[in-house]
Amino acid sequence: MTRSNASYSASVTPEDGTDVSSRTSSNVFGQSVVITRTMDLRGRTGGFSVVLPYVFADTKSGTFQASTNGLSDVGFLWQVNIFGGPALTREQFQSFIPQTFSSFHLYVGTPLGTYDATAPINPSANRWTISPTVNYSYTPDQGRTWIETYVTSLLFTDNNNFHVNGAQTLSQSPIFRVEEHVSHNLTDALWLSADAYYNFGGETRIDGAAQNNMANTLRIGAGMGLRLWRGADFVLNYERVTAKPSAEPDAQTIRFTIRQLW
């Protein structure tokens with residue numbers, strides 16, 4: 001199975017612990033191809049994916065402005081259902097009634113993207129990222145409505161080739177994230193969602209000096225999705241930070257995504 005994604009996001013000061021200025025505006029256009037092999041893992045649905053992303057980005061903070069484009073970090077994703085998602089044949093899938101389920105996901109991001117040690121922004125982070133996630137997805141009405149919880153941690157190795165302003169090493173503490181999503185299908189082709197994210201941690205250090213940019217924020221948002229044709233849909237999301245320590249900046253993001261499944 002192959003999925004192609006194209007997305008555009010406009011944000012002011014991302015609050016994931018990576019912002020190093022008081023106010024940063026970013027515009028990112030990303031494209032990715034995800035190649036997935038689904039499999040039967042002792043009767044449960046599983047899969048292994050390779051993620052090939054490419055990004056165009058520009059950022060501005062005060063008088064500073066920079067842009068970049070290139071291959072972002074190639075990633076690998078392994079997923080396995082814990083309960084509620086049995087492995088199905090194509091014929092069984094067509095008549096399967098959606099039910100409450102839980103799954104485990106393990107994402108590994110590699111430092112294989114385009115990277116310039118002296119550039120202020122890069123498509124690649126030039127480090128390894130390990131991110132385990134567990135989700136619980138509850139449906140009270142056979143898939144028309146979903147109430148979902150995701151618990152995620154993100155662990156990073158150091159970027160030892162960070163030469164901005166004469167530095168050498170960029171490191172980052174782990175980020176812990178809890179997500180809540182409620183979605184409802186108005187029709188077979190149109191759905192609405194409400195979303196909430198709590199991020200904690202992720203302070204960066206440059207050559208051991210803390211940057212005082214730890215995330216401790218609650219972000220809420222809303223979205224809608226529309227099925228365009230067989231295998232394709234369009235998704236629009238808006239998110240904004242609504243609770244944070246007084247020293248942390250505000251942040252908001254608008255994101256458009258088109259997905260095509262083959």
Side-chain angles (χ1 to χ4, degrees), residues 7 9-30 32 51-77 106-133 152-178 197-217 219 239 241 244-245 247-253 255:
S7 66
S9 66
S11 63
V12 177
T13 313
E15 39 69 62
D16 60 0
T18 59
D19 51 300
V20 294
S21 62
S22 59
R23 184 174 178 87
T24 302
S25 299
S26 300
N27 296 279
V28 179
F29 175 72
S32 64
V51 184
L52 306 171
Y54 194 96
V55 300
F56 300 82
D58 66 78
T59 185
K60 180 171 62 175
S61 179
T63 60
F64 169 80
Q65 187 168 357
S67 60
T68 188
N69 69 87
L71 181 68
S72 190
D73 294 325
V74 176
F76 301 93
L77 177 64
L106 180 63
Y107 172 80
V108 177
T110 70
L112 296 179
T114 303
Y115 183 77
D116 177 356
T118 61
I121 61 172
N122 274 286
S124 169
N126 194 45
R127 64 185 180 182
W128 291 86
T129 301
I130 300 175
S131 178
T133 298
T152 300
S153 61
L154 295 95
L155 311 173
F156 313 99
T157 61
D158 292 349
N159 175 0
N160 293 312
N161 193 25
F162 182 78
H163 293 168
V164 177
N165 296 326
Q168 178 63 42
T169 301
L170 174 69
S171 55
Q172 186 171 11
S173 299
I175 296 175
F176 301 96
R177 176 178 301 147
V178 178
Y197 310 79
Y198 175 69
N199 285 349
F200 180 81
E203 182 176 28
T204 56
R205 295 175 298 280
I206 298 177
D207 287 347
Q211 300 301 296
N212 299 316
N213 58 352
M214 181 183 76
N216 185 13
T217 53
R219 177 164 43 103
E239 298 160 9
V241 168
K244 63 180 182 61
E248 291 190 14
D250 290 313
Q252 58 182 328
T253 300
R255 185 171 58 254

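The shown structure was predicted, so the numbers you read here are calculated from the model rather than taken from an experiment.
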request  = Run the numbers on Arg205 and Gln211 for side-chain contact (heavy atoms from CB on, under 4.5 Å), then give the verdict.
outcome  = CA-CA 6 Å; Arg205 295 175 298 280; Gln211 300 301 296; 5.7 Å; no
request  = Start with the C-alpha distance between Thr110 and Trp128, add both sets of side-chain angles, then the distance that settles side-chain contact (heavy atoms from CB on, under 4.5 Å), and finish with yes or no.
outcome  = CA-CA 5 Å; Thr110 70; Trp128 291 86; 3.5 Å; yes
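The ring-ring contact (aromatic ring centres under 6.0 Å, His included) check on Phe56 picks up Tyr54, with sequence neighbours excluded. Here Asn159 pairs with Tyr115, Asn126, Asn161, Phe162, Leu170 under the side chain to side chain contact (heavy atoms under 4.5 Å, CB included) rule; sequence neighbours left out. Thr169 pairs by the side chain to side chain contact (heavy atoms under 4.5 Å, CB included) definition with Asp158, Asn160, Asp207, not counting sequence neighbours.
Put simply, CG on Leu154 and OH on Tyr107 are 10.0 Å apart, with the number rounded to the nearest 0.5 Å. Here the OG-CD distance, from Ser9 to Glu239, works out to 9.5 Å after rounding to the nearest 0.5 Å. Atom OG1 in Thr118 sits 9.0 Å away from atom NE2 in His163 (nearest 0.5 Å). To the nearest 0.5 Å, atoms CZ (Arg255) and OG (Ser7) are separated by 7.5 Å.
The nearest pair of heavy atoms linking Gly202 to Gln172 is O-NE2, 3.0 Å. Nearest heavy-atom pair across Val164 and Pro120 is CG2-CA, 4.3 Å. Smallest separation of non-hydrogen atoms from Asn212 and Glu203: N-OE2, 2.9 Å.
Counting heavy atoms from C-beta on, the side chains of Phe200 and Thr217 never come closer than 4.5 Å. Using a 4.5 Å heavy-atom cutoff, the side chains of Val74 and Leu52 are in contact. Within the 4.5 Å cutoff, the side chain of Thr204 has no heavy atoms near those of the Ile206 side chain. Taking 4.5 Å as the limit, some side-chain heavy atom of Phe156 sits within range of a side-chain heavy atom of Ile175. Under the 4.5 Å side-chain criterion, counting only non-hydrogen atoms from C-beta, Ser124 is in contact with Asp73.
With no hydrogens or angles considered, no side-chain donor-acceptor pair links Arg127 and Ser171 at under 3.5 Å.
Side chain of Thr129 to main chain of Val108: no donor-acceptor pair is present (N/O by atom type, distance under 3.5 Å, no hydrogens or angles). Side chain of Ser72 to backbone of Pro123: a donor-acceptor contact under 3.5 angstrom is found.
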